[in-house]
Amino acid sequence: MTNSERIRKFYQELHKKFGPQGWWPAETAFECILGAVLTQSTSWKNVEKAIDNLRRGNLISVEGINSITADELALLIRPSGYYNQKAIKIKNFISFLVNEFSGSLDSMFATEKSHLRKKLLSIKGIGPETADSIMLYAGGIPVFVVDTYTWRVLLRHGLVPEVTSYDEIQEIFTDSLQEDAGMFNEYHALLVRLAKDHCRKNNPVCAGCPLEYDPHTV
DNA sequence: CTCCCGATTA
DNA sequence: TAATCCGGAG
């Protein structure tokens, strides 16, 4: 079986085992973007607390974020950790959105894919994973999102060396799969699910792993 | 104590 | 490449 075939088989097995994950858990595209920043190196549970605070204040909008200072924002998103930095990051994104697209997400997402990615990456605080998450989960643009979990799973299956760049890992998926936003959405979410349930950092639970070696199918 | 859907700076 | 940001859950 080629590596591309394995990438495709992984998806089948994950979907068979876990079913649809239904990401992203956000009410609006704007909230999704805030969540993408807030969840950087942070558990989603803590991000929810931060988002709840923003919801309570009716602050999940360009006008909402603009109505408070970075320090006030930091206080509200405190449960998500790295709150001072993340407050700046969110402010940076808002400035970008207002300056480049008059505050319109529709205009932003209408931008050509690779061009939009470069523009998002130019924002201080938006790296490759956050940029791709924003495009896929807030904009529905077919971009495969890579994260630490993705790398760990591929590493443990011997599909990549320990030192592999974000873009290289992303290529492995885009070169093996059809360009389908709905499937990219599910695949990434399923990898996160897999990493939480089985492919954990320190104490992996290989028993029952949907991607475990199966002598009947190899 | 470690880890969590990272990114930047030195 | 390493240090830094950082609260919350297990």
Side-chain angles (χ1 to χ4, degrees), chain A residues 10-11 14 18 20-27 29-54 70-96 117-141 143-156 161-170 173 181 183-205 211:
Chain A
F10 281 176
Y11 178 70
L14 289 168
F18 296 123
Q21 300 298 295
W23 277 25
W24 184 288
E27 290 183 4
F30 191 84
E31 182 183 303
C32 176
I33 292 171
L34 296 187
V37 172
L38 293 174
T39 198
Q40 288 174 3
S41 215
T42 301
S43 68
W44 183 252
K45 196 132 192 115
N46 291 344
V47 174
E48 283 182 317
K49 298 174 190 299
I51 290 181
D52 281 344
N53 288 341
L54 297 176
D71 287 340
E72 290 169 333
L73 177 57
L75 209 59
L76 290 164
I77 63 174
R78 194 165 194 270
S80 72
Y82 307 119
Y83 48 87
N84 287 314
Q85 293 200 69
K86 285 175 179 174
I88 304 273
K89 294 177 182 187
I90 289 171
K91 282 291 188 179
N92 286 346
F93 173 77
I94 299 296
S95 303
F96 162 83
R117 189 171 196 266
K118 282 178 195 157
K119 299 211 87 165
L120 288 171
L121 288 175
S122 73
I123 304 169
K124 204 164 301 249
I126 308 292
E129 183 183 342
T130 309
D132 290 341
S133 291
I134 289 171
M135 288 197 284
L136 179 63
Y137 289 107
I141 299 169
V143 177
F144 198 91
V145 177
V146 172
D147 63 0
T148 312
Y149 297 149
T150 314
W151 164 80
R152 189 190 301 156
V153 172
L154 293 191
L155 177 68
R156 286 178 174 168
E162 189 137 6
V163 179
T164 310
S165 72
Y166 183 100
D167 291 346
E168 285 175 314
I169 295 177
Q170 188 177 49
F173 287 90
M183 186 267 290
F184 284 177
N185 177 327
E186 280 300 324
Y187 202 157
H188 172 70
L190 285 165
L191 285 169
V192 172
R193 175 71 181 275
L194 176 74
K196 287 181 184 306
D197 290 2
H198 296 281
C199 212
R200 305 197 300 222
K201 187 174 186 185
N202 281 350
N203 301 102
V205 181
L211 304 190

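By convention in this document, chain letters (A, B, ...) are assigned in the order of the sequence lines, proteins followed by strands, and residues within each chain are numbered from 1.
For the 3.5 Å distance criterion, the side chains of A:N185 and A:Q21 fail to qualify, holding no donor opposite an acceptor. A donor-acceptor contact closer than 3.5 angstrom links the side chains of A:T150 and A:D147.
Note on A:D71 versus A:R78: no salt bridge recorded, every NZ/NE/NH1/NH2 to OD/OE distance being 4.0 Å or above.
The residue A:G127 sits close only to the backbone: its heavy atoms come under 4.0 Å of sugar-phosphate atoms, none of a base. Using a 4.0 Å heavy-atom criterion, one finds that A:K124 contacts the sugar-phosphate atoms exclusively. Nucleic acid contact for A:I126: sugar-phosphate only, since backbone atoms but no base atoms lie under 4.0 Å from a heavy atom of the residue. Within the nucleic acid shown, A:L190 has no heavy atom closer than 4.0 Å to any nucleic acid atom.
Aromatic ring orientation, A:Y137 versus A:H188: tilted (interplanar angle from 30° to 60°). Below 30°, between 30° and 60°, or above 60°: for A:F173 and A:F144 the angle between ring planes is below 30°, a parallel geometry.
Looking at the side chain of A:Q40, the nearest of the listed nucleotides B:dG6, C:dA9, B:dC4 is B:dG6. The side chain of A:R152 approaches B:dC4 more closely than any other nucleotide in the set B:dC4, C:dG8, B:dG6. Nearest to the side chain of A:N46, among C:dG8, B:dT8, B:dA7, sits C:dG8.
Taking side-chain N and O atoms only, A:Y83 has a distance below 4.0 Å to OP1 or OP2 of C:dG7. Residue A:K49 has a polar side-chain atom (N or O) positioned under 4.0 Å from OP1 or OP2 of C:dA9. Remark: A:K45 is not in phosphate contact with C:dG10, judged by side-chain N or O atoms under 4.0 Å from OP1 or OP2. Look at A:T42 and you won't find any side-chain N or O under 4.0 angstrom from OP1 or OP2 of C:dG7. Close to B:dG6, at under 4.0 Å from its OP1 or OP2, lies a side-chain N or O of A:T148.
In this entry the distance linking CH2 of A:W44 with P of B:dG6 reads 12 Å, nearest Å. Between A:N203 atom CG and B:dC4 atom C1' the separation is 15 Å, expressed in whole Å. Straight-line distance from the CD atom of A:E162 to the P atom of C:dT1: 12 Å, rounded to whole Å. Following rounding to the nearest Å, A:L38 (CG) and B:dA7 (P) show an atom-to-atom distance of 13 Å. When the C1' atom of B:dT9 is taken as reference, atom CD1 of A:I88 falls 15 Å away, rounded to whole Å. Taking atom CD of residue A:E48 and atom C1' of nucleotide B:dC4, one finds them 13 Å apart after rounding to whole Å. The NZ atom of A:K86 sits 18 Å away from the P atom of C:dT4 (whole-angstrom rounding). Computed from coordinates, the A:Q85 CD to B:dT9 P distance equals 9 Å when rounded to whole Å.
Remark: the separation of the P atoms in B:dT2 and C:dA3 is 15 Å, to the nearest Å.
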